[in-house]
Every structure is written in structure tokens, then in C-alpha cells.
Amino acid sequence: MRRLLQARYVVPAVLAGCVGMVGLLGFSPGAAQAVDGPSTTTPVPQLTSPPLPTPIGQPTAPSASSVLTYRSPSNQTGIFYTDLPAAFIAPGQALFASNCSSCHGQDANGATGVAPNLQRLGAGTVDFWVSTGRMPLANAGVQAIRKPPRFNRLQTLEIAAWVQSLTPGVGTKVPLVGTGSADLEAGNTLFTLNCAACHTITGSGDALMGGAYAPGLHLATTTQIVEAIRSGPGNMPRFGPGNITNTQARDIAAYVQGVIQHPSNPGGFALGGIGPVGEGFVGLLLGVGILMLVCFWIGERT
Amino acid sequence: MIDKSLRWIDDRLGIAKGGRTFLDKIFPDHWSFMLGEIALYSFVVLLATGVFLSLYYIPSANEIVYHGSYLPLHGQRVSEAYASSVSLSFDVKSGLLMRQAHHWAADIFLGSIAVHMARVFFTGAFRKPREFNWIVGVSMLILGIVNGFLGYSLPDDLVSGTGIRIAFSIVESIPLVGSYLAFFLFGGNYPGNGVIIPRFYILHILIVPLLIMVLLGAHLGLLVKQKHTQFKGKGKTEHNVVGSPMFPTFMAKTTGFLFMSTAAIFLLGGFAQINPIWQFGQYEPFQISYAVQPDWYMGWLDGAARIMPSWEWVGWGHTIPLEVFLPAVIFPGIIFNILILWPFIESRHTKDLAYHNLLDRPRDRPKRTAAGAAMLMLLGMTFFASSTDVMANFLELPLKSVLWFFRFAVIIAPIIAYFITYKICNEMRAAEGIGKRKRAQVVLRSSTGEYTTVDSEPRPGDGYEELEAIPVPTYIDLVPPELVTGAGVRRVMR
């Protein structure tokens with residue numbers, strides 16, 4: 001017994017035990033699927049409709065709720081570009097004045113070298129930047145980072161409505177995306193062709209030149225995805241309806257939400273989804289490392 | 001009955017004598033001597049899982065419409081190779097486990113070869129008379145890397161297809177013969193007429209494994225013929241081998257190790273996802289994903305190509321793309337030549353032509369150890385350079401800064417590593433009492449109250465003593481019991 005408690009046996013045993021425990025704790029249903037044989041469970045991507053934009057806060061705009069809960073069952077494309085109600089404009093102006101105007105100016109026409117002109121960009125562009133938390137800007141770096149949004153859904157749309165009201169009918173409108181009848185296979189092809197070159201095929205995102213980066217897509221809502229496609233935020237190209245039709249944009253959004261964000265992903269831990277870099281580290285440190293410990297453990301026993 | 005039939009066979013074939021040599025082969029009891037076995041056993045796992053995969057994989061670039069159980073791919077036109085790889089992952093029982101275990105085994109195979117090779121290098125086990133075995137080992141490493149790349153390419157997914165595209169360009173970059181060679185290998189201009197998948201397949205499952213197996217046989221045959229090296233120590237000389245015999249001690253150890261290696265590989269195969277090809281989709285030459293790297297053992301080549309400035313030479317109507325040719329052809333050529341020729345480079349430098357069966361401690365050969373450390377640092381830096389984009393993203397640094405860091409680091413870091421290692425080796429050698437057993441310090445108090453310390457008397461076993469060898473028995477059933485007891489240590493004369 002005392003022999004067994006010597007450090008040279010205990011240390012590898014404890015290490016192996018720890019690894020085993022981690023393995024057991026992390027035994028996700030996905031991993032179980034791989035071991036049990038996937039033939040019984042066909043991976044069906046989650047195809048839920050996007051959460052409807054529900055107004056939070058003061059229920060002072062009864063006219064707003066009818067627009068916000070609007071879904072377009074008759075619309076073939078699954079994307080409905082909404083005109084925000086006029087009632088949003090006044091509170092939007094107040095919010096803009098107190099939160100955005102210090103950089104973008106009282107008329108949202110920007111200031112050279114400080115902030116861009118927001119006129120003519122449209123409500124959808126504003127909604128993208130504010131609802132992803134990128135605006136208001138945390139600090140002036142190469143690229144605005146995604147963070148929890150400062151405004152609720154209603155406030156965001158109010159700001160968007162005011163900016164839109166400066167140039168009515170110009171720029172990207174706020175889309176309402178219904179993915180119920182989306183074509184995932186088309187979304188897959190379009191995503192690979194148009195998006196994977198920067199956002200990577202797994203949607204994890206990666207670095208671009210000059211300190212910029214393509215962000216990961218795991219938090220984006222379908223509305224934000226379509227807004228990004230149409231408005232081209234930051235370094236991203238802007239895809240007009242001639243490049244990507246509304247139907248195709250809907251399919252891409254459905255693919256990102258259904259497959260990228262909720263992958264049917266058997267095979268165990270995804271190791272960050274960053275490909276062979278993560279796999280190499282695991283293979284060398286865990287695989288070869290553990291076997292070297294085993295060598296050490298049994299090597300000098302005679 | 002068994003005894004009779006065995007005798008009948010032995011009377012005709014005379015295999016008992018060879019078997020005797022094999023069963024009495026002595027394995028030194030140092031843990032680092034088992035590193036090469038990780039490679040051996042992961043190769044066994046590779047063969048077994050590879051046979052399983054070959055039952056379901058279809059090596060064909062013919063386009064079909066996918067109708068398997070992975071819904072997002074439904075209705076897409078994909079190659080049969082890709083479709084069969086996806087369906088062997090989803091629709092074949094334990095198919096994904098086998099595919100992942102095969103991939104992990106490949107990563108571990110090459111990783112353990114690297115670790116084993118480092119052990120052989122730093123202890124000087126490659127010296128006369130073992131230069132041949134070193135060359136055989138390096139050849140297996142090269143073949144292993146090649147076969148890893150071929151296997152990585154077979155699923156025909158987006159990530160591996162990008163790798164094949166790069167391979168085509170690398171072959172094309174060779175001056176004069178490059179484009180002819182590339183067209184020959186791919187059956188025409190890229191992406192070929194669908195011949196590359198069947199060609200890679202036959203290389204991956206037959207030709208290269210066969211070469212590896214032949215070399216493996218030579219590797220182990222030479223090991224038995226030349227006998228193991230051993231570290232300096234009690235009773236160990238240039239003319240003997242001290243350790244455990246193949247049967248029964250080492251046989252038990254190594255069989256257990258086979259099972260443990262297999263278990264570790266299959267644990268990874270079950271728990272850790274590797275190469276989720278269904279996410280990547282079918283390779284199309286006009287599509288690309290970002291964040292694409294090769295498997296780790298190709299990483300140093302990828303990294304070298306990434307950090308190379310875009311130079312090219314144009315003249316006499318020809319272009320030599322140095323930005324591809326130098327890092328992807330010349331650089332590995334130099335590295336592999338240094339590795340293969342190292343025993344000769346070293347013996348020319350040291351003028352040492354003697355037989356060596358006793359190993360060096362790394363600190364006793366500061367120059368070799370420092371050179372090895374510098375080489376590891378060079379390869380390590382180019383290896384890390386293959387993930388410049390991932391690193392820039394994680395560390396939130398500009399990609400260019402990371403790139404420039406590595407351009408300098410691949411040159412400076414090996415030099416620093418050389419001098420630091422050299423210094424550490426020399427200082428370790430100069431330390432008092434190094435390599436000797438520590439004596440207890442005895443504190444004495446004199447009659448006047450003065451305290452002094454002296455070393456204790458040497459303990460038994462501190463000095464040199466020759467071990468009593470257990471004589472090798474003629475027949476196992478004739479071994480007297482008093483000879484098989486003891487410490488399990490045997491000694492044979494060379």
C-alpha cells in the first residue's frame with residue numbers, strides 16, 4: 001500500500017483521474033450520439049422562428065405594437081421591410097440627442113474625423129449598430145465590438161425611426177425575417193460562397209488585416225444578419241438585392257440561426273470550432289502527453 | 001500434444017533458436033525507451049481503423065446528389081468521396097468514432113514519433129553503429145507526414161480541398177519541371193479530371209503504409225540486431241545491456257501499453273471532435289473558408305509559407321515564385337536533409353568514430369543539445385506562425401503585427417535558444433556533485449561547542465559494482481527457480 005502511495009504512481013494516477021472526470025462531466029448528448037450510433041437520431045436543425053421584437057418599457061405607443069408583432073404570412077420572401085411608425089420619431093430624437101449626438105451631431109450628419117454621417121443610411125443600419133451594442137461606442141478602436149445593447153428593443157427602433165425620418169425612404173429599412181419556409185440547403189451554399197471566406201465556415205470569425213476582424217456569428221439574430229447583409233457594417237461588403245435576393249438573405253439568416261448557431265454536432269467537444277489549431281494542441285498535449293505519463297508510470301517497473 | 005507439434009515444426013524450421021533470441025531480448029528499464037512504442041501502437045490503431053473506414057469510403061470525385069441524414073446538405077451536388085465520408089460519420093454505426101479515432105491516431109502517431117526522435121537525438125542514440133536506424137526513422141517520419149496529408153485530403157471537404165490546391169501550387173513552383181510534374185500528378189490542370197481522389201486513395205491506403213511497414217520491420221529488426229542502448233549506471237557498460245527480458249517482464253508491460261494507447265486514442269475519438277467535415281461542406285475550387293490550417297505536423301510548412309515575403313523572380317520568360325518555392329520546397333528540403341545527415345555531420349565535427357552503446361546525458365553534449373533546442377525552436381516558431389490569424393483574433397492584435405513578429409522570431413528565437421541551452425548545459429555540468437547520489441550531511445558538535453558538518457559514509461550501491469548476470473536458460477521449462485527470482489535483471493553479452 002505504501003508503495004502505491006509513492007508520488008511517482010500517485011501523480012500520474014491523479015492526472016489521469018482528472019482527465020477522466022473532465023471527460024465524464026463533459027459527456028454531452030452530442031457526444032453520446034456519436035458513440036451510440038447516429039442512425040437512430042437524424043440531426044434535425046432547430047428551425048424556430050426568430051423571437052418577435054417585443055417592445056419593452058413604456059407601453060405608451062399602442063400603434064407600435066401592431067407593427068412590431070407584424071409577421072407576413074403572405075409575403076413570399078419571408079422578409080418584410082417595415083416602415084416604423086411616426087410616433088417613434090419624437091422619443092427617438094430625444095434618445096439620439098442625449099446618447100448619440102455628442103459624436104454624430106444634433107442632425108446625425110456626423111463630424112469629420114470623429115463620427116460618420118448617419119443620414120441616408122436608413123433605419124435598418126441604425127438598428128444593426130445599436131441593437132448589437134456596438135453603438136454607443138465603448139472606445140474608439142479599429143472596430144466597434146459587440147456588447148450588451150444599452151437600449152431596449154423599442155428605444156432602439158425609436159432612434160432608428162428618427163434617423164430614418166431625416167431622409168424618408170432612403171437607405172436600409174428594418175427587416176422582419178420569417179424563417180419558417182426557409183431553404184437551409186440554399187442557405188448553406190450561399191453562406192459558403194459569400195460569408196465563409198471571412199466569418200469562417202463554422203461562423204467563429206477570424207482576424208482580418210489592420211487589426212480588424214470578422215466577428216463570430218453565434219449571437220447574431222436573423223434581423224441583424226439581414227441588416228448586416230444589406231448595410232455592410234464596417235469592413236463587410238454591402239450586398240444589395242441584385243447580389244443576394246431577399247429570399248436568399250432569408251435563407252442565409254435561417255442557415256446561420258439553424259445550423260451555425262445550433263449545429264447538429266456529434267463527435268464530442270468542438271474544441272472551439274477553430275479547426276486544426278485546437279485539434280493539434282489537444283492531440284499533442286492530451287494525447288501524446290497522457291501516453292508519455294503512462295510511459296513514465298509503467299516504464300521503470302520490472 | 002502441443003509440445004509434440006511444436007517440436008515437429010521446430011525440427012523442420014528451426015525457429016526456436018530465433019524465438020529464443022527474441023524472447024531473451026533485453027529492454028533497458030528507462031521510461032523514455034517506451035516513447036517509440038506510442039508510435040508503434042498508434043500505427044496499429046491506424047491500420048485497424050483505416051480498414052474499417054475503407055469499407056465505407058468511396059474514392060471517387062463523381063458528383064452525386066446528397067440524400068443522407070445531415071439535412072443542411074440535402075439536395076446539394078457533392079462528390080461521392082465527400083458524401084461517403086459524411087454518411088460513414090452519420091449513417092454507419094460507430095463510423096464517426098472510427099473516423100475520429102483514425103484522425104486522432106494520426107496526430108498522435110506523428111507526435112510520438114517527434115517525441116521519440118527527440119529522445120534519440122538528445123541522448124546521442126543515433127551514433128555509430130545506429131546511423132542506419134536513425135535514417136530509417138526519419139524516413140518513416142517523412143512518410144508519415146506525407147500519408148497524413150493524403151488522408152486529410154480524402155474526405156474532399158472545403159478545408160482539405162484548400163490544402164490540395166496549395167499542394168498543387170507548391171509542386172508547380174519548382175523551377176523547370178514544376179508545371180509538368182503538377183500536371184502529371186493531377187492528370188491535367190487543377191483540379192484535374194477527378195483523378196486526384198483515387199490517386200491519393202491508393203497512395204494513402206496501400207503504397208505509403210506498405211513503405212512504412214517495410215521500414216518499421218527494418219527499424220525493429222535493426223533494434224534486435226544491434227541491441228538497445230542504455231543510460232550510464234550501475235553495472236552498465238558499453239559491452240552489455242541491463243534490463244528486463246522480452247519474456248515475461250517486457251511482454252506484460254508492452255501489452256498493457258498497447259491497450260492503454262488504444263484506450264487513449266479512442267477516448268479522444270469519442271470525446272473530442274476532430275475535423276467536422278459536415279460543417280465544412282463539399283470542396284469547390286471557387287469557395288474558401290477562413291481559419292484553415294493543415295493538421296499540426298504540416299503546420300511548420302504552412303507557417304513558413306505564411307510568413308514568407310512575396311518575392312518572385314522573373315526572367316527569360318519564366319517566373320519562379322520564390323514566395324512558394326523557398327518556404328514550401330527548399331525549407332523542408334533543408335530541414336529533412338539536416339535530420340537525415342545529422343549522425344554524419346556530428347561525427348565529422350567530433351571526429352568520434354567509436355562504437356557507442358552507452359547514452360549521453362544531454363547536458364554532457366552542450367553543443368548537440370543546444371543545436372537540437374535551436375532546431376526545435378525554429379520548427380516551433382514556424383509551427384505557431386501557421387496560426388497567425390487565430391492568434392491575432394484571440395489576442396486582439398493586428399494580423400500584420402503577428403506576421404512581422406514571426407518573421408523576426410523564426411530567426412532570433414533559435415539563436416537565443418541555442419545560447420541559453422548551451423549555457424544551461426555548461427552550468428549544470430559545472431555544478432558540484434552532479435550525477436552523483438546525494439550524501440546525507442552529518443552535523444557534529446565538538447567538545448568546545450563548535451558545529452561542523454561532514455558527508456556521511458557512502459551508502460551501499462553508491463560506488464561502481466558489476467552486476468551478477470542471470471544466465472540465459474536454454475529452455476524455459478528447465479530454468480531452476482533460483483535463477484528466475486531476484487530483481488528481474490538479466491545481462492547478456494553482445
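The structure presented is a predicted model; accordingly, all values stated were derived computationally and were not measured.
- Contacts of F384(B) with chain A are made by side-chain atoms alone, with heavy-atom separations under 4.5 Å and no backbone atom involved.
- Closest of all the heavy-atom pairs between L284(A) and G111(B) is CD2-CA, 3.9 Å.
- Heavy-atom distances place the side chain of L268(B), and not its backbone, under 4.5 Å from chain A.
- Contact tally against chain B (heavy-atom pairs below 4.5 Å) for C295(A), G283(A), G280(A), G287(A): the top residue is C295(A).
- Distance check: T200(A) OG1 to I288(B) CD1 gives 12.0 Å after rounding to the nearest 0.5 Å.
- Enclosure of atom NZ in K400(B) is not indicated, since only 12 or fewer non-hydrogen atoms of other residues, nucleotides or ligands lie within 6.0 angstrom.
- Within 6.0 Å of CD in E396(B) there are 12 or fewer heavy atoms belonging to other residues, nucleotides or ligands.
- One finds the CE atom of M34(B) at 4.0 Å from the CD1 atom of I298(A) (value rounded to the nearest 0.5 Å).
- Side chain of Q273(B) to main chain of P266(A): a donor-acceptor pair is present (N/O by atom type, distance under 3.5 Å, no hydrogens or angles).
- Under the 3.5 Å distance criterion, the side-chain polar atoms of E185(A) are left unmatched by any main-chain donor or acceptor of Q76(B).
- For Y152(B), the part lying near chain A is the side chain, with the backbone staying farther off; criterion is any non-hydrogen pair under 4.5 Å.
- We find the CE-OG distance between M292(A) and S112(B) to be 10.0 Å, quoted to the nearest 0.5 Å.
- In this structure, OG1 in T192(A) is found 11.5 Å from CZ in F280(B), a value given to the nearest 0.5 Å.
- Heavy-atom distances place both the backbone and the side chain of L73(B) under 4.5 Å from chain A.
- Looking at I274(B), both its backbone and its side chain come within 4.5 Å of chain A, counting heavy atoms on both sides.
- At a 4.5 Å heavy-atom cutoff, the contact between A392(B) and chain A is made by backbone and side-chain atoms alike.
- Looking at every heavy atom in both residues, E279(A) comes nearest to N275(B) through OE2-N, 2.8 Å.
- With chain A as the partner, the residue from G68(B), S261(B), G75(B) showing the most heavy-atom pairs under 4.5 Å is S261(B).
- There is no contact between P28(B) and chain A, counting heavy-atom distances below 4.5 Å.
- S387(B) OG to F281(A) CZ: the interatomic distance, rounded to the nearest 0.5 Å, is 6.5 Å.
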Could you walk me through whether L399(B) and L208(A) pass the side chain to side chain contact (heavy atoms under 4.5 Å, CB included) test, one step at a time?
-> CA-CA 6 Å; L399(B) 191 58; L208(A) 302 172; over 6 Å; no

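- Neither the backbone nor the side chain of I260(A) comes within less than 4.5 Å of any heavy atom in chain B.
- Side-chain contact between Q279(B) and I201(A) is absent, with no heavy atoms from C-beta onward closer than 4.5 Å.
- Using a 4.5 Å cut-off on side-chain heavy atoms (C-beta onward), L71(B) and L184(A) make no contact.
- Across Y41(B), Y297(B), F286(B), W278(B), the residue that shares the most heavy-atom pairs under 4.5 angstrom with chain A is W278(B).
- Between chain B and the residues L291(A), D206(A), V282(A), N188(A), the largest count of heavy-atom pairs under 4.5 Å involves D206(A).
- Taking the six-membered ring where tryptophan is involved, the planes of W31(B) and F296(A) are perpendicular, since the angle between them exceeds 60° and thus also 30°.
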